[in-house]
Amino acid sequence: MKKILVTGGAGYIGSHVVKALGEAGYTVCTYDNLSTGNRWAVLYGDLVEGDLADREKLRKTVTDFAPDAVMHFAAGIEVAESVSNPLKYYHNNTANALGLLEVLRQCGVGRFIFSSTAAVYGIPDTIPVNEEAHLLPINPYGASKMMTERFLSDLAFADPGFEYVALRYFNVAGADPQGRIGQAYKNPTHLITRALKTAKGEFDKLQVFGTDYPTEDGTCIRDYIHVDDLASAHLAALSYLLAGGASDVFNCGYGSGYSVKEVVDVASKVTGLEFRVEEAPRREGDPPALTADNCKIIESLDWTPRFNDLEYIVQTAWDWEQVVAQLETVRGRYLGRNGFSLNGFEVYF
Ligand code: UFG
């Protein structure tokens, strides 16, 4: 079976893709510095704990594993943080991607799948936005990913042995329905996770950033895609590349969106809990509305989304929050220890 190296495979999206790869029978190796990822999230294959900036370790991992393709997730993902700390994003997302590509080409690896983002579009002229739209990111996060897309396109043009797929993610949410993996950041900023953690009582209120946008209810609209559908898009892209497909770029979203207020209503319904919601000023770097034209990926990659249902997305995220609560209770009991085994998983702190 083909061997796939996954950078950032211990993180939220990467771990769901590792799960899908493992279930499909691929041999997987995760390379992750565990800065935001977790050892227990890697359900299949080996985990090499390493930083992308550590070229020697990276080169040794690539040489030893000899992957048929690489999927690159390891990156920062928060728009607001990228505005306040742009160099972190240009370092982690852009410079490290360049270093990874250099190592891969030195080692003869020529198939690459890149986690890009809808943030490369900035504020598109029309939505749903398609892949031909101009790339005019309005925050450093989007710019950091756009630059990597440019590296990839130039490299594929210059090097006949290199082909890539860049997947532009819209708003990824939800969790493994079996409750094994999900978002586990220390200080989450994404809307759905933030709303659910507020319902749980971890935050005293949910702020709605901007209620004067030119949308129907004045709040921002986003295209929320379940993480397992995003994972299946990666497998479709991988099959395409391994079958000799040419380099290309695809949107990953459902094609329609929900406003912040609509998401908050669904979070209240799913949790059955009232929580405090406060109107707040706009957040820097937020486009008013962003939804995907997904015709290209559906037609070219034979991808069929299965979970286009906001209630299902929020429900799986809420179920995961219950698992997190149990882990935190156990963690309290075992304070002082580095790790333990739970349901067959090694859990480390
Ligand atoms: N929001 C709130 N309150 C919060 C958190 C978010 O009102 O506490 C709002 C934001 O202002 C935005 C919307 O909810 O209008 C969604 O915000 P998220 O932080 O959940 O997600 P972003 O749209 O900022 O970014 C995400 C990913 C990016 C991706 C982008 C594409 O982090 O990787 O979606 O739309 F590029």
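Order of listing sets the numbers, starting from 1, for every ligand and every atom in it.
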Exercise. May I ask you to decide whether R194 forms a salt bridge with E321, counting only side-chain N to carboxylate O separations under 4.0 Å?
Key: no

Quiz item: Using a distance-only test with no angle check, is there a side-chain donor-acceptor pair under 3.5 angstrom linking D217 and T219?
Solution: yes

Quiz item: Is it true that the NZ or CZ of K197 lies under 6.0 Å from the centre of F203's six-membered ring and within 45 degrees of the ring axis?
Solution: no

Quiz item: By number and element, which atoms of ligand 1 are closer than 4.0 Å to a non-hydrogen atom of Y141?
Solution: 28 (C), 33 (O), 36 (F)

Practice problem: Considering heavy atoms of the protein only, find what lies nearest to atom 5 (C) of ligand 1 and give residue, atom and distance to 0.1 Å. | Solution: T189 O, 3.3 Å

Quiz item: Is it true that D154 and R150 make a salt bridge, defined as a side-chain N closer than 4.0 Å to a carboxylate O?
Solution: yes

Practice problem: Could you tell me whether R282 approaches ligand 1 through its side chain, its backbone, both or neither, with non-hydrogen atoms closer than 4.0 Å? | Solution: neither

Quiz prompt | Identity and distance of the protein heavy atom lying nearest atom 4 (C) of ligand 1 | solution = F209 CE1, 3.4 Å

Quiz item: Can you tell me which residue and heavy atom of the protein come closest to atom 36 (F) of ligand 1, and the distance to 0.1 Å?
Solution: T117 OG1, 2.1 Å

Exercise. Give the residue, atom name and distance (to 0.1 Å) of the protein heavy atom nearest atom 3 (N) of ligand 1.
Key: Q207 O, 2.7 Å

Self-check item: Cation-pi geometry met for K3 and F65 (6.0 Å, 45°)
Solution: yes

Quiz item: At a 4.0 Å threshold, what atoms of ligand 1 neighbour a non-hydrogen atom of V208?
Solution: 7 (O)

Self-check item: Note: D176-K19 ion pair, threshold 4.0 Å (strictly below)
Solution: yes

Quiz prompt | Region of L206 engaging ligand 1 - heavy atom pairs below 4.0 Å | solution = side chain

Quiz item: Which protein non-hydrogen atom lies closest to atom 15 (O) of ligand 1, naming both residue and atom, and how far is it?
Solution: C220 CB, 3.0 Å

Quiz prompt | Protein contact to atom 32 (O) of ligand 1 [nearest heavy atom, distance to 0.1 Å] | solution = H190 NE2, 2.7 Å

Quiz item: How many angstroms lie between atom CD of Q106 and atom CG of L58, to the nearest 0.5 angstrom?
Solution: 9.5 Å

Quiz item: So is there a nitrogen or oxygen of R283 less than 3.5 Å from a nitrogen or oxygen in ligand 1?
Solution: yes

Quiz item: Would E284 and R282 pass as an ion pair if we require N to O under 4.0 Å?
Solution: no

Quiz item: Salt-bridged, E163 to R111, with N to O below 4.0 Å?
Solution: no

Quiz item: Looking at H234 versus Y169, is the centre-to-centre ring distance below 6.0 Å?
Solution: yes

Self-check item: N/O separation below 3.5 Å, L191 to ligand 1
Solution: yes

Practice problem: Using a strict cut-off of less than 4.0 Å between a Lys/Arg side-chain nitrogen and an Asp/Glu carboxylate oxygen, indicate whether K296 and E131 qualify as a salt bridge. | Solution: no

Quiz prompt | Ionic contact status for R39 with E49, cut-off 4.0 Å | solution = yes

Exercise. For D286, take its heavy atoms, then give the atoms of ligand 1 lying under 4.0 Å from any of them.
Key: 10 (C), 11 (O), 12 (C), 15 (O), 24 (O)

Practice problem: Give the atoms of ligand 1, by number and element, whose distance to some non-hydrogen atom of V79 is under 4.0 Å. | Solution: 24 (O)

Quiz item: In the protein, what heavy atom is nearest to atom 22 (P) of ligand 1, and what distance, to one decimal place, separates them?
Solution: N171 ND2, 3.6 Å

Quiz prompt | Where ligand 1 meets I77 - atom numbers and elements under 4.0 angstrom, heavy-atom basis | solution = 32 (O), 33 (O)

Self-check item: Under 3.5 Å: N/O of R194 near N/O of ligand 1
Solution: no

Exercise. Note the single closest protein heavy atom to atom 23 (O) of ligand 1, along with its residue, its atom name and the distance in Å.
Key: R222 NE, 2.8 Å

Quiz item: Just distances here: any N/O of V260 and N/O of ligand 1 closer than 3.5 Å?
Solution: no

